Amino acid sequence: MKLDTKFMLETFIDVLGGVPVTLKITIVTLLVSVPAGFMMALSRAGNGRIGRRIIIAYVSLIRGTPVVLQILFLYSLLPTLLNYLIKEILGLEYNIFRLDPILYAYSVFILNTTAVLSEVFRSALSTVNQGQMEAALSIGMTKTQAYIRIIVPQALVAALPNICNTTVSLLKSTSLAFMMTVRDITAIAKIDASFGYNYLEAYLVIFFAYILLCSLVQGVFYLTEHSVSSYRREKAIRKAPVMQNG
Amino acid sequence: MLEVKNVHKAFGHNEVLKGVDIKVDKGDIIVILGPSGSGKTTFLRCLNFLEKADQGTMDFDDIHTELKSASKSVITKVRRKTAFVFQNYNLFQNKTAIQNVMEGLTVARKVPKEEARQIAQQALDKVGLEDRYDYYPSQLSGGQQQRVGIARAIAVNPDVLLFDEPTSALDPELIGEVLTVMKKLAKEGATMIIVTHEMSFAQEVASKVIFMDGGVVVEQGSAKQIFTAPKEERTSQFLHRVLKDYDYVI
Ligand SMILES: Nc1ncnc2c1ncn2[C@@H]1O[C@H](COP(=O)(O)OP(=O)(O)OP(=O)(O)O)[C@@H](O)[C@H]1O
Ligand SMILES: [Mg+2]
């Protein structure tokens, strides 16, 4: 068997056109899910009982079901429901089936990523010891000030490696967006391949496209981590010059 | 200046404080002694509202409050007049030494940044860290970290400094540098309440020694009286035990 390299090059160029869509889904999802997940982690650490129960239920529901199933559910159920709502209850003339499918993609991935990140932030918050909160209170800071200036910045740094993992797996699962007829990288490759049945070549091309994108994400996180966690990194360096004083 | 009466505190069924009183005058150096689990830390934390007592009253200059029902504004006022030095330093890990000290000034008291920096520098100089302003806690030794903790406490100019076993997490060779700083503060007239197991330090600086056991104050008096002529059996047993250990270490 011979690979059709000309087809592969053409597909690669086509696929580049899908990169913005893939990145857009990833970024929009993160922009919503990072703050939402953080708020959830914070309110779980607080003492509202009902809120905590709801969050726990939500997280286990999402994490206990496959993303594919969530997509199938949302994509088949939501339009019908919305259509009913708009037509029958609000009495409006709007064809819900003309809605940009990317909105469904946002919904699924936001629901998913928020659940994952709320767990990430919960464990990150628990790595900042309670003593620092007490120290902040003891010098007259309020709880909110202590959270904003002391606890949250450290929790974010502690969470960075896991946020990176979450982002990479989010980026990969956006490939399921084709199921919702979103024209992302995967969808474009499948369409190109369907003309001449060059599926193998098309999949090889996006294989590399995803590797490239994921490496890029990891690189960005690596640099970020190094620039914000200087206060922890120094630990290893400390041993070198022993300077005594006092 | 500060008088606290009849402090009770229980954790579940475990009654830790069973009516503790303390009276502090300006310039007092009060040392609290007692066996492990006697409630010393809990008592100190109640004074700063890090722990909410179940019962008891506090008179602090013009403030009068029940400990249990103290309002937020009273708690803030009391915290402004006190400062706590913790056993495990509890420095802000994401801030440098000088930022740790400035935080209570700029954030909690809205002191302008430049002024705060000067106060913080003075405080760090006082504890002998004039060459460590920009070091993160993770770059400092335990003794240096605890001295930053002390600088953070004195920078906010509190009426009373509270110390909870400030040296017990330190390697023996680092204890001296922290005690030296505390002696210096004592000499300058700071008012302090100190929980410690450092007996010779207690003997040297205390203007009053309180011996606690089982959640009550068993005995109190001058350092000389407590160490040389304790009235209560439990006090002399405790001193006998720790002073023996102490000799043993030397
Ligand atoms: N947050 C808490 N929850 C439950 N029990 C607690 C809590 N804090 C303290 N205790 C209990 O209160 C008792 C007194 O503790 P405390 O720390 O005040 O003793 P201490 O005199 O400071 O002892 P040490 O010399 O070992 O520091 C102990 O039995 C301890 O188990
Ligand atoms: Mg203690």
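Residue numbering restarts at 1 for every chain, and letters A, B, ... go by the order of the sequence lines. None of the values given here were measured: they were computed from a predicted structure.
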Within residues 106-164 of chain A or reaching into it, pairs that qualify as ring-ring contact (aromatic ring centres under 6.0 Å, His included) - sequence neighbours excluded: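 The answer is A:F38-A:F121.
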Pairs meeting criterion ring-ring contact (aromatic ring centres under 6.0 Å, His included) with involvement of residues 148-179 of chain A, two or more places apart: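 Output for this query is empty, none listed.
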Part of [X] within contact of chain A (heavy atom distance under 4.5 Å):
| X | value |
| --- | --- |
| B:R152 | both |
| B:K95 | side chain |
| B:F86 | side chain |
| B:K110 | side chain |

Quick test of your reading of the model: are B:D25 and B:K23 salt-bridged, counting only N-O distances below 4.0 Å?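 A salt bridge is present here (some side-chain N lies under 4.0 Å from a carboxylate O).
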Please flag which part of A:E134 lies under 4.5 Å from any non-hydrogen atom of chain B: side chain, backbone, both or neither. both
Is it the side chain or the backbone of A:A136 that comes within 4.5 Å of chain B heavy atoms, both, or neither? both
Report the distance from atom [atom1] of [X] to atom [atom2] of [Y], rounding to the nearest 0.5 Å.
| X | Y | atom1 | atom2 | value |
| --- | --- | --- | --- | --- |
| B:D59 | B:M1 | CG | CE | 12.5 Å |
| A:I150 | B:F92 | CD1 | CZ | 4.5 Å |
| B:E177 | B:M182 | CD | CE | 13.0 Å |

Modelled atom types, side-chain donor and acceptor of A:S33 and A:T113, under 3.5 Å: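 Side-chain D/A pair, A:S33 to A:T113: absent.
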Is a donor from one side chain sitting under 3.5 angstrom from an acceptor on the other, for B:S168 and B:Q87? yes
Would you mind writing out the side-chain donor-acceptor pairs for residues 111-125 of chain B within the sub-3.5 Å range, not counting sequence neighbours?
residue, atom, partner, partner atom, Å
B:D125, OD1, B:Y133, OH, 2.6
B:D125, OD2, B:Y133, OH, 3.4

Please output the residues of residues 152-163 of chain A in contact with chain B, using a heavy-atom cutoff of under 4.5 Å, in numerical order.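 When heavy atoms of chain B are the reference, residues 152-163 of chain A contributes A:P153, A:Q154 within the under-4.5 Å range.
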Winner by heavy-atom pair count (cut-off under 4.5 Å) against chain A, out of B:T82, B:N88, B:N100, B:L91: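 Max contact count across the listed options: B:L91.
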